[in-house]
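Worth saying up front: this structure is predicted, and the values here are computed from it rather than measured. Below, each value reflects all heavy atoms present in this structure, side chains not excepted, and no hydrogens, waters or symmetry copies.
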Amino acid sequence: MDDIKPIFPVTEELLELVDLLNQVPGADEGQVIPQTMTVLNKVYAQGIMEGYEKAIKKQTAKK
């Protein structure tokens, strides 16, 4: 696993997120990645939906 490179830089925000997740009662190390992915997936999906809505508004404004 040492040869796996992160797909994005390890930022202060990411380290802060990991610290926060580690403070959650009952959250062991095996849950940090799934919890993080759940949050990131929700944020990603929200971004896609907002982008879609903006694209639709832009398209209808052209008509």
Side-chain angles (χ1 to χ4, degrees):
M1 295 271 297
D2 290 340
D3 60 340
I4 297 174
K5 304 285 184 239
I7 60 171
F8 51 86
V10 177
T11 62
E12 289 298 318
E13 291 83 3
L14 178 62
L15 295 174
E16 187 177 333
L17 175 63
V18 170
D19 284 342
L20 287 171
L21 286 171
N22 284 334
Q23 293 173 15
V24 175
D28 60 20
E29 195 171 309
Q31 293 178 329
V32 170
I33 297 299
Q35 287 178 350
T36 304
M37 289 307 298
T38 298
V39 170
L40 291 176
N41 285 336
K42 287 179 182 176
V43 170
Y44 184 71
Q46 182 179 354
I48 289 174
M49 291 307 298
E50 287 177 11
Y52 175 78
E53 289 171 7
K54 285 180 183 178
I56 293 295
K57 285 180 185 176
K58 193 173 187 178
Q59 209 173 34
T60 55
K62 286 183 179 180
K63 292 181 180 179

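Rounding to the nearest 0.5 angstrom, the gap separating the OH atom in Tyr52 from the CD atom in Gln59 is 8.5 Å. A distance of 10.5 Å separates NZ in Lys58 from NZ in Lys54, rounded to the nearest 0.5 Å.
Glu53 meets the side chain to side chain donor-acceptor pair (under 3.5 Å) test with no other residue; sequence neighbours excluded.
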